[in-house]
**Student:** 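Structure below; questions to follow.
Every chain is numbered from 1, with letters handed out A, B, ... down the list of sequences. As the structure is a prediction and not an experimental result, all values here were calculated from the model.
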Amino acid sequence: MAGVKNSIIWFRKGLRLHDNPALLEACKDAKHVYPVFVLDPHFLQQSSYKVSVNRYNFLLESLEDLQRSFQARGSRLLVLRGKPEEVFPRVFQEWGITQLCFEHDTEPYAKARDAAVRALAAAAGVEVVSPVSHTLYDTDMLVARNGGSAPLTMQSFTKLVDRVGDPPAPAPDPPAAIPPPAEGMPSAAPADTGVPSWQEVGFKEPPLTIFKGGETEALARLEASFKDPKWVAGFQKPDTDPSAWERPSTTVLSPYLKFGCLSARAFHARLLEVYRAHPAHSQPPVSLRGQLLWRELFYTVGSTTPNFHRMAGNPVCKQIDWDDNPEFLAAWREARTGFPWIDAIMTQLRTWGWMHHLARHSVACFLTRGDLYVSWERGVEVFEEHLIDQDHYLNAANWMWLSASAFFSQYFRVYSPIVFGRKYDPEGRFIRKFLPVLKDMPAKYIYEPWNAPLEVQRKAGCVIGRDYPAPIVDHAVASKACIARMAAAYRRSKGEGGGDGNDSGGEGGSGGGAAAGRKKAAAAASGGVGRGKKAAAAAAGEKPATGRGKAAAIAKGDGAASGKAAGGGSKRQRTLKETLQAAASDA
DNA sequence: TATTTGTTGCAGTG
DNA sequence: CACTGCAACAAATA
């Protein structure tokens, strides 16, 4: 069909040709298609937004891959320099553009940027088409289907998507030939629109990550994982090994999902295929599909919550009295806490820009509620700079989770910076890899080298305090203190009843105490039987159930106290969901 | 209202 | 390896 329009496909995320509905729309009936990426100074080191060379180069590699893909289809990618709001009015006019297509993006910066560009397009008489393809679903639709507010738990989210049904199928591949930009357009001059190198962008140090950007690499990585369908079907996230680095125990598809080199929908569709062939497959939240649902949940909550990346003014975030401790923060950031497991992970972050999910848990818990009691917001900033898979909503959500500020509240479950890693890697291979100064430390001491006799330290060529720092805290002491401070912060937040100024009346801390007393009594009522599976099964006369729960039946059976003691708890705390709804309706 | 459940804690016991 | 105590949270469920 003869082309009748000149269109721009504006790449931002979604750096791929597969499952790209915006690209298909741009190609439809087009005379000239202009594939554009704008190197926005907002995302450069020089601006307030910090980005490591690892992630920036991952972006550049992804653009080079896109460039090759367009060249193979008789076109080329145009990398334009400048702010989108300044670039587009110029090229709209110069290229005679009638349509602008880009993938919908729900991040705060993107929303503002896209609103500005939409206004400029409208002023120039340019039609805008902006389909959803970064997430599985249109997250606004999910919110609407959930009654106007985002779900806040995986359980409720899973129910919601079950009700909504499978996400849309991936879009078909683009045509084998794409009408190229017109000849002789100054702003599209090949000499000025190539993909720059990291040096040209202004970085001084080379990227060190082992992961290469681009759609081609993403699809190859996906295929590599799916070569073993049994592994895919049986995947359970909590069972994967955070210390595996030669062959990571997870897919490492996150950076490709972040930049959209891989379509979440394409990934999801492949998973459903495998699941059909393996009916006994694992389930959300621990399955591979569950990982995509976590991403979806956090995009959904994040995009509807004000100040999601901060504590203040964030209605889902517990307000906690974190310490401002620049020394602790610097030691953590610079991998010199004196805990080899923590410092090795932080070194992996700074060199590779990627760590296993549970490794992130270790260092995040350590920085915040576990040991250092530094705000999760500082952790967000460090991860935001270094992670190649840094993703605005996921980063904030996971930090809130680990710091027990939102989504997760069992703050007394603290990761040990010594024993957690040792469970997976008793020889300390991971530590030896990323902290070579400890490579000759005997396995017995490698997670706590300060306990090695001086003679052993000398022999290993690593004397604590000289070659490697002494631990900055005593974990046993620090974690106890942190738990106590978390308990106090939780009590305060109960007393304040939600903190949006519209609270349902508080009794200033005493409510928390009463509640704690009630719980204690309830625990006592279970008569020390606890939550054991065997005891529960014996009582119920059945095989062990999944949970800790049935002990309660025993408690009832032996006539122990009814768990009603220490009353006074009639006042009910406002739930997170209610707080969020109130915040949403205020807005 | 009471009880159970929640992607991923640890130390101690038998 | 299974279980319990630790000290005890918030949401979902019954």
Side-chain angles (χ1 to χ4, degrees), chain A residues 151-159 235-242 249-250 282-294 297 316 318 356-362 364-366 369-370 398 401-402 404-424 475-476 479-480 482-484 486-487 489-491 493-494 512-513 515-538 544-556 561-565 567 569-570 572-579:
Chain A
L152 287 166
T153 66
M154 193 35 138
Q155 275 191 328
S156 55
F157 188 75
T158 306
K159 275 186 196 154
F235 182 91
Q236 299 202 52
K237 185 65 161 282
D239 292 348
T240 56
D241 177 357
S249 60
T250 52
S282 55
Q283 294 287 336
V286 298
S287 63
L288 271 180
R289 176 168 172 266
Q291 306 316 301
L292 287 175
L293 295 184
W294 282 110
L297 166 63
V316 305
K318 194 117 333 183
H356 184 275
H357 186 67
L358 291 177
R360 302 181 195 201
H361 278 218
S362 286
C365 181
F366 185 85
R369 67 182 168 83
N398 281 301
W401 183 295
L402 260 298
S405 298
F407 309 113
F408 173 84
S409 48
Q410 287 158 290
Y411 53 77
F412 37 85
R413 291 189 185 173
V414 173
Y415 290 86
S416 163
I418 298 154
V419 305
F420 184 74
R422 189 150 56 194
K423 270 192 312 199
Y424 299 93
H475 171 68
S479 60
K480 267 207 184 79
C482 283
I483 289 172
M486 289 296 292
Y490 267 58
R491 280 196 299 273
S493 106
K494 266 189 186 173
R518 180 171 50 73
K519 288 284 174 141
K520 217 168 210 167
S526 65
V529 175
R531 306 173 287 192
K533 293 179 191 179
K534 271 206 176 135
T546 54
R548 305 156 273 194
K550 306 224 168 130
I554 295 174
K556 267 181 194 158
S562 69
K564 224 185 270 176
S570 62
R572 182 176 144 279
Q573 193 218 342
R574 173 189 273 227
T575 63
L576 270 184
K577 188 163 189 169
E578 288 164 341
T579 307

**Student:** Looking only at atom types and distance, does a side-chain atom of A:Arg369 sit under 3.5 Å from a main-chain N or O of A:Ser405, one as donor and one as acceptor?
**Tutor:**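 Between the backbone of A:Ser405 and the side chain of A:Arg369 there is no qualifying donor-acceptor contact (under 3.5 Å).
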
**Student:** Is the distance from OP1 or OP2 of C:dA10 to the nearest side-chain N or O of A:Lys494 less than 4.0 Å?
**Tutor:**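 It does, given that an N or O in the side chain of A:Lys494 lies less than 4.0 Å from OP1 or OP2 of C:dA10.
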
**Student:** Say you pick atom P in C:dC3 and the same atom in B:dT5; how far apart are they, in whole Å?
**Tutor:**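 Those two atoms are separated by 15 Å.
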
**Student:** Scan A:Tyr490 against the nucleic acid and name what it touches under 4.0 Å (heavy atoms): base, sugar-phosphate only, or nothing.
**Tutor:**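 Contact class for A:Tyr490: sugar-phosphate only.
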
**Student:** Among the candidates B:dT8, C:dA8, B:dT5, find the nucleotide nearest to the side-chain atoms of A:Gln155.
**Tutor:**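 The answer is B:dT5, which lies nearest to the side chain.
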
**Student:** So, is A:Thr153 close to the C:dA12 phosphate, meaning a side-chain N or O under 4.0 Å from OP1 or OP2?
**Tutor:**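 True: A:Thr153 side-chain N/O within range (under 4.0 Å) of C:dA12 OP1/OP2.
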
**Student:** What's the closest nucleotide to the A:Ser409 side chain, out of B:dT7, C:dA11, C:dC9?
**Tutor:**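 When the side chain of A:Ser409 is considered, C:dC9 is the closest of B:dT7, C:dA11, C:dC9.
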
**Student:** Could you please name the option among B:dC10, C:dC9, B:dT8 that lies closest to any side-chain atom of A:Phe420?
**Tutor:**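 Within the option list, the nearest is B:dC10.
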
**Student:** Please report the distance, rounded to the nearest Å, between OH in A:Tyr415 and C1' in B:dT8.
**Tutor:**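 Result: 5 Å.
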
**Student:** Under 30°, 30 to 60°, or over 60°: which ring-plane class applies to A:Phe407 and A:Trp401, parallel, tilted or perpendicular?
**Tutor:**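 Correct class here is parallel.
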
**Student:** Could you tell me whether A:Lys423 contacts a base, only the sugar-phosphate backbone, or nothing, with contacts defined as non-hydrogen atoms closer than 4.0 Å?
**Tutor:**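 If one applies the 4.0 Å heavy-atom cut-off, A:Lys423 turns out to touch the sugar-phosphate alone, with no base involved.
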
**Student:** Between A:Lys237 and A:Trp294, does a side-chain contact (heavy atoms from CB on, under 4.5 Å) hold up when you go through it step by step?
**Tutor:** CA-CA 12 Å; A:Lys237 185 65 161 282; A:Trp294 282 110; over 6 Å; no

**Student:** Could you tell me how far apart A:Arg289 (CZ) and B:dT7 (P) are, to the nearest whole angstrom?
**Tutor:**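 After rounding, the gap between these two atoms is 15 Å.
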
**Student:** Rounded to whole angstroms, how far apart are NE2 on A:His357 and P on B:dG9?
**Tutor:**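 Going from NE2 in A:His357 over to P in B:dG9 covers 11 Å.
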
**Student:** Figure out the CZ/C1' separation between A:Phe408 and C:dA11, and round it to whole Å.
**Tutor:**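 Checked: the CZ to C1' distance equals 14 Å.
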
**Student:** Do any side-chain nitrogens or oxygens of A:Lys159 fall under 4.0 Å of OP1 or OP2 in C:dT13?
**Tutor:**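 So the side-chain polar atoms of A:Lys159 do come within 4.0 Å of the phosphate oxygens OP1 or OP2 of C:dT13, strictly under.
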
**Student:** Base, sugar-phosphate or nothing for A:Gln291? Non-hydrogen atoms, less than 4.0 Å.
**Tutor:**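 It contacts base atoms.
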
**Student:** Tell me whether the OP1 or OP2 atom of C:dC9 has a side-chain N or O from A:Lys318 closer than 4.0 Å.
**Tutor:**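 No, no such contact exists.
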
**Student:** Nearest whole angstrom, please: distance from the C1' of B:dT8 to the NE2 of A:His361.
**Tutor:**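 Interatomic distance, NE2 of A:His361 to C1' of B:dT8: 6 Å.
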
**Student:** From CZ of A:Arg369 over to P of B:dT8, roughly how many Å is that when rounded to an integer?
**Tutor:**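 Those two atoms, CZ and P, are 11 Å apart.
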
**Student:** If B:dA11 has a Watson-Crick or G-U wobble mate with both distances under 3.5 Å, name it; if not, just say none.
**Tutor:**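 For B:dA11, the partner nucleotide comes out as C:dT4, under the 3.5 Å rule.
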
**Student:** Suppose you measure atom P in B:dT13 against the same atom in C:dA7; what distance do you get, rounded to whole Å?
**Tutor:**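 Going atom to atom, P in each nucleotide, I get 15 Å.
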
**Student:** Heavy atoms only, 4.0 Å cut-off, all strands: where does A:Tyr411 land among base, sugar-phosphate and nothing?
**Tutor:**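 Touches sugar-phosphate only.
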
**Student:** Nearest whole angstrom, please: distance from the P of C:dA10 to the CZ of A:Arg491.
**Tutor:**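 About 12 Å, once rounded to whole Å.
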
**Student:** If you measure from the C1' atom in B:dT4 to the same atom in C:dA8, how many Å do you get, rounded?
**Tutor:**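 15 Å, rounded to whole Å.
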
**Student:** Does a donor on one side chain sit under 3.5 Å from an acceptor on the other, for A:His356 and A:Thr240?
**Tutor:**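 Yes, side-chain donor-acceptor contact under 3.5 Å.
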
**Student:** Assess whether atom NZ of A:Lys423 is packed by more than 12 heavy atoms of other residues, nucleotides or ligands within 6.0 Å.
**Tutor:**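 Yes, the 6.0 Å shell around NZ holds more than 12 heavy atoms from other groups.
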
**Student:** Suppose you measure atom P in B:dC10 against the same atom in C:dA10; what distance do you get, rounded to whole Å?
**Tutor:**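 Between the two P atoms, the distance is 22 Å.
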
**Student:** Would you mind reading off the distance between A:Lys480 atom NZ and C:dG5 atom P, rounded to a whole angstrom?
**Tutor:**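 About 18 Å, once rounded to whole Å.
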
**Student:** Closest approach to the side chain of A:Ser156, judged atom by atom: which nucleotide of B:dG9, C:dA12, B:dT7 is it?
**Tutor:**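 Ranking B:dG9, C:dA12, B:dT7 by closest atom to the A:Ser156 side chain puts C:dA12 first.
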
**Student:** Can you tell me how far CZ of A:Arg413 sits from SG of A:Cys365, rounded to the nearest 0.5 angstrom?
**Tutor:**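 One gets 12.0 Å once the value is rounded to the nearest 0.5 Å.
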
